[in-house]
Every structure is written in C-alpha cells, then in structure tokens.
Amino acid sequence: VQLQASGGGLVQPGGSLRLSCTTSINILSFDTVAWYRQGTGSQRELVAGINNDDTTGYSESVKGRFTISRDNARNTAYLEMNSLKPEDTAVYFCDAVIEPGHKGYVFGLDVWGKGTQVTVSS
C-alpha cells in the first residue's frame with residue numbers, strides 16, 4: 001500500500017496551492033486520510049483530516065483557509081490551501097489510517113506518503 005503526494009511548490013503570501021494524495025488501493029478502505037506538516041525545527045503537526053463518512057477536521061491555524069476533500073473515483077485526497085502565509089512553509093505529508101479490526105487489518109494500518117515542500121515567500 002502506497003501514498004503518492006504531490007502539488008507543493010513556491011507561492012507568494014496570499015496565494016494558493018492544491019496538494020494531492022493518491023492511494024494505491026481504494027481510498028475508501030481507509031478510515032481517515034490526513035495531512036500533516038513539519039516546518040524546519042518544528043514537530044510534525046496535524047493540519048486536516050477527512051473520515052470515510054466525509055466528516056472533516058482542521059487545526060485552528062488553518063481553519064477557514066484550507067479545505068480537505070476526496071475524489072473517490074480517483075482514489076485521491078486533496079488539500080486546497082488559500083490565503084497562504086509564510087508560517088505555512090513546511091514539508092506536507094499525507095497519512096492514511098485503517099483502524100485496528102477494520103477491513104481485515106487486525107492491527108490496523110498506517111501509511112505515510114513522502115513529503116512535498118510548500119514554501120510561502122515573496
């Protein structure tokens with residue numbers, strides 16, 4: 001099982017980017033797909049998540065600016081990032097989780113994609 005994250009880049013403050021996370025299996029197999037980020041010298045933090053019932057959650061720092069969504073037909077989750085700030089600069093990681101006991105995974109499954117760099121700078 002693999003995740004492929006893409007979409008990072010350099011953007012000016014106030015700009016927008018869309019990150020994509022494509023799974024190698026049916027994305028609805030996962031209970032949750034989430035985006036994390038890690039800035040230089042910082043701990044990895046949860047940014048946004050979407051459950052397979054389409055409920056979503058966001059960190060306070062991105063609420064109202066970022067939107068997580070999912071295209072089931074493409075097995076892809078997206079993170080739409082608007083009104084970007086320099087403090088959003090980080091490596092962004094995609095994470096997909098199957099809870100223990102679900103979908104035949106006794107111990108669950110936690111899959112991470114490689115990070116994609118987002119740099120917000122003028």
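Computed from a predicted model, the values in this text were never measured in an experiment. The figures here come from the full heavy-atom set of this structure, side chains too, leaving out hydrogens, waters and symmetry mates. Throughout, numbering of the chain's residues begins at 1 and tracks the sequence.
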Listing request: all salt bridge (charged side-chain N to carboxylate O under 4.0 Å, His left out) pairs with a residue in residues 105-114, at least two apart in sequence or in separate chains. none
Tell me every residue that passes side chain to side chain donor-acceptor pair (under 3.5 Å) with E87, counting only those two or more places apart in sequence or in another chain. none
For a 4.5 angstrom cut-off between non-hydrogen side-chain atoms, does I27 reach N72? yes
Taking C-beta and beyond as the side chain, do M81 and Y92 meet within less than 4.5 Å on heavy atoms? yes
From CA spacing to verdict: side-chain contact (heavy atoms from CB on, under 4.5 Å), V120, Q12: CA-CA 5 Å; V120 185; Q12 292 187 343; over 6 Å; no
Which pairs would a plain distance check flag for residues 98-106, meaning a side-chain donor or acceptor within less than 3.5 Å of a matching protein atom at least two apart in sequence or in another chain?
| from | atom 1 | to | atom 2 | distance (Å) |
| --- | --- | --- | --- | --- |
| H102 | ND1 | D31 | OD1 | 3.0 |
| H102 | ND1 | D31 | OD2 | 3.0 |

Which atoms form the tightest heavy-atom contact between P13 and S121, and what is the distance? CD-C, 3.6 Å
Taking only residues two or more places apart in sequence or in another chain, which ones pass side-chain contact (heavy atoms from CB on, under 4.5 Å) with T56? I50, Y58, I68
If you define the side chain from C-beta out and look only at heavy atoms, does anything of T67 sit under 4.5 Å from L79? no
Verify the distance criterion only: is there a donor paired with an acceptor across the side chains of T23 and N75 at less than 3.5 Å? no
L19 vs T116, side-chain contact (heavy atoms from CB on, under 4.5 Å): CA-CA, chis, key distance, verdict: CA-CA 8 Å; L19 305 183; T116 184; 4.0 Å; yes
Disulfide bond (SG atoms under 2.5 Å apart) pairs touching residues 53-87, sequence neighbours excluded, are none
With hydrophobic residues grouped by side-chain heavy-atom distances under 4.5 Å, do V111 and V97 end up in a single group? no
Residue pairs passing the disulfide bond (SG atoms under 2.5 Å apart) test with at least one member in residues 90-122, sequence neighbours excluded, are C21-C94
By ring-ring contact (aromatic ring centres under 6.0 Å, His included) - contacts of Y36 (at least two apart): W112
For a quick check under 3.5 Å, do T76 and T22 share a side-chain donor-acceptor pair by atom type? yes
With a 4.5 Å heavy-atom cut-off, do N82 and F66 have their side chains touching? no
Under the side chain to side chain donor-acceptor pair (under 3.5 Å) rule, collect the residues that match up with T55, sequence neighbours excluded. N51, D53
Which residue pairs pass the salt bridge (charged side-chain N to carboxylate O under 4.0 Å, His left out) test with at least one member in residues 65-80, sequence neighbours excluded? D54-R70, R65-D88, D71-R74
Indicate yes or no: at least one non-hydrogen side-chain atom of T32 is less than 4.5 angstrom from one of N52. no
S61: partners by side chain to side chain donor-acceptor pair (under 3.5 Å), with sequence neighbours left out: R37, S59
If hydrophobic clusters are built from ILVMFWY residues whose side chains come within less than 4.5 Å, do L17 and Y78 share one? no
Contacts of type side chain to side chain donor-acceptor pair (under 3.5 Å), residue R18, not counting sequence neighbours: none
Could you pull out every donor-acceptor pair under 3.5 Å between side chains of residues 2-11 and any protein atom, sequence neighbours left out?
none

Minimum-distance pair of heavy atoms, taken over all atoms of W35 and S20: CH2-O, 3.5 Å
